[in-house]
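These notes concern the structure reproduced below.
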Amino acid sequence: MDITDLHQLILKELECPVCLEYMKPPITLCQNGHNICFSCKPNLYRCPTCRQQFLQVRSISLECLARNITYPCTNRKAGCPENLPMHLISEHQVMCYFGDYECPFSKISNVYCAWSCPLVDLKRHVLRDHRGSSLDIYGGGSFYSHLSPLTQTAKMHKALVVFGELFYAVWKVLEGDFCFTVIYVGPESNSSKFSFKFTITAMNKIETISTCLITRGYNENVDEVLKPGNCIAIHYDTIEKFFAGENKLPFQLEISRLGTSDNDSCHINQNDYNVDNATHY
Ligand SMILES: [Zn+2]
Ligand SMILES: [Zn+2]
Ligand SMILES: [Zn+2]
Ligand SMILES: [Zn+2]
């Protein structure tokens with residue numbers, strides 16, 4: 001028997017008879033020695049295999065094996081090739097590219113959409129099913145738009161497709177600060193590969209505020225990323241000077257791929273970047 005067969009054999013032993021997922025400690029036993037996972041056990045009165053009662057003891061040797069092998073990702077059937085030790089696989093699964101993700105229109109825009117699919121397919125769904133006024137498509141990385149109505153209670157978002165990638169511009173006014181950031185709707189590992197430059201210019205064309213940040217990931221909590229310190233934050237009193245018309249803020253947004261010097265207008269060194277670079281005016 002080679003090492004792959006042995007690995008498969010151990011995984012087979014670790015398969016929970018109820019949820020069919022691989023068990024992780026604590027693993028408990030029934031009177032006849034069958035194993036059950038800790039998520040399923042509270043919902044069961046007797047062992048699903050032999051109908052005997054559960055014991056209060058744990059399967060120490062199986063737990064020991066579980067701690068020393070690698071687990072395949074729960075999204076393996078969807079194509080995820082990841083195989084990691086127990087303590088890393090849960091972390092991976094939270095941000096797995098092949099997992100099921102809620103449509104950003106329901107997650108961010110509060111538009112009813114029951115669609116969920118792997119991250120890799122979300123863009124296709126949005127382009128197919130949400131084409132319309134709330135989705136702007138740009139060929140290049142730089143464009144002009146406006147935020148309106150920008151009031152003290154406004155909490156808004158705009159879906160953007162730039163270089164064929166899906167982004168969400170999100171902003172709100174929080175305790176007197178205008179907060180703005182851009183979320184990348186794609187694999188977590190890619191969100192740090194894009195930067196955005198947000199520029200506003202006053203009507204007198206003299207005063208300009210321009211800030212660059214790295215785009216945020218789709219797994220992050222939107223309310224958290226929109227807190228001063230994590231995003232672009234400008235005092236509402238300051239931002240009012242940049243209004244063109246009632247509560248209308250014209251802005252220029254440029255999204256760039258990091259590290260490609262031609263179109264990286266921000267010149268953010270990925271390794272140097274940390275959240276302290278978030279700006280507060
Ligand atoms: Zn189970
Ligand atoms: Zn049993
Ligand atoms: Zn995975
Ligand atoms: Zn949708």
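Order of listing sets the numbers, starting from 1, for every ligand and every atom in it.
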Can you check the angle at the Zn ion (ligand 2) formed by SG of Cys47 and SG of Cys30? Round it to the nearest 10°.
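Nearest ten degrees: 110°.
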
The Zn ion (ligand 3) as vertex, arms to NE2 of His92 and SG of Cys73: angle to 10°?
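Once rounded, the angle between the two atoms at the Zn ion (ligand 3) is 110°.
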
So what does the Cys80 SG - the Zn ion (ligand 3) - Cys96 SG angle come to, to 10°?
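With the Zn ion (ligand 3) as the vertex, SG (Cys80) and SG (Cys96) sit 110° apart.
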
Both conditions, 6.0 Å and 45 degrees, for the charged tip of Arg257 above the ring of Phe163: are they met here?
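Relative to the ring axis of Phe163, which defines the angle, Arg257 lies inside both limits.
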
With respect to Cys179, which candidate in Ile232, Leu174, Asn230 satisfies the side-chain contact (heavy atoms from CB on, under 4.5 Å) definition?
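Looking at Ile232, Leu174, Asn230, the match for Cys179 under the side-chain contact (heavy atoms from CB on, under 4.5 Å) is Leu174.
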
Which single N/O/S atom of His34 lies at minimum distance from the Zn ion (ligand 2)?
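For His34, the N, O or S atom at the smallest distance from the Zn ion (ligand 2) is ND1.
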
In terms of the angle between their ring planes, are Phe243 and Tyr236 parallel, tilted or perpendicular, with boundaries placed at 30° and 60°?
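Correct class here is perpendicular.
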
Phe105 and His130 aromatic ring geometry - parallel, tilted or perpendicular at 30°/60° bounds
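Correct class here is parallel.
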
Quick check: does any side chain N or O of Lys24 sit under 3.5 Å from a backbone N or O of Glu63, one acting as donor and the other as acceptor?
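No; judged by distance alone, with no hydrogens or angles, the pair does not exist.
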
So what does the Cys103 SG - the Zn ion (ligand 4) - Cys113 SG angle come to, to 10°?
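Cys103 SG and Cys113 SG form an angle of 120° at the Zn ion (ligand 4).
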
